[in-house]
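Data block below; observations after.
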Amino acid sequence: MDIGFDLGVNVPSGVFALHAVIAVVFLGLAGVNGANGELIGLGLYLAMAGMIGLVGLMAGRIVARR
C-alpha cells in the first residue's frame, strides 16, 4: 500500500511515528473508558485516536513533498 512516503529513517516517518504514539495513548484511554462502561468516552477517544493517526499520515505526506 502506497502511503505517500517511504517508511524508514527519515523525517516523514518520524512525523508519522510521533502521531502514532500519541494515537496509541488515546487508544489506551479508550480502553479504560470501555472497561468502565463509559460508551461516550470510548467513542470520543477512539475518534480522536483515528483522527490523530490520519493527521500524522497526511502530515508525513506533506513533509515528504518538501
Side-chain angles (χ1 to χ4, degrees):
M1 179 174 82
D2 183 30
I3 60 173
F5 59 91
D6 295 327
L7 288 175
V9 182
N10 54 31
V11 174
S13 294
V15 169
F16 177 67
L18 176 66
H19 283 82
V21 167
I22 295 170
V24 168
V25 170
F26 280 98
L27 285 175
L29 292 172
V32 169
N33 277 295
N36 290 332
E38 300 173 5
L39 296 179
I40 293 175
L42 172 67
L44 287 175
Y45 280 126
L46 285 176
M48 289 172 66
M51 287 187 283
I52 290 170
L54 184 60
V55 166
L57 184 64
M58 292 188 307
R61 292 180 65 147
I62 291 169
V63 170
R65 291 183 183 164
R66 292 185 175 221

Are Pro12 and Val15 close enough that some pair of their side-chain heavy atoms sits under 4.5 Å apart?
no
To the nearest 0.5 Å, how far apart are CZ in Phe26 and CE in Met51?
9.5 Å
In Å, rounded to the nearest 0.5 Å, how long is the span from CG of Leu44 to CG of Leu29?
11.5 Å
In Å, rounded to the nearest 0.5 Å, how long is the span from CG of Leu46 to CG of Leu39?
10.5 Å
Contacts satisfying side-chain hydrogen bond (donor to acceptor under 3.5 Å, both in side chains) that involve residues 28-47 (not counting sequence neighbours) are none
What's the spacing between Met48 CE and Leu27 CG if we round to 0.5 Å?
11.0 Å
Is there a chain of hydrophobic side chains (I, L, V, M, F, W, Y, each step under 4.5 Å between heavy atoms) that links Ile52 to Leu18?
yes
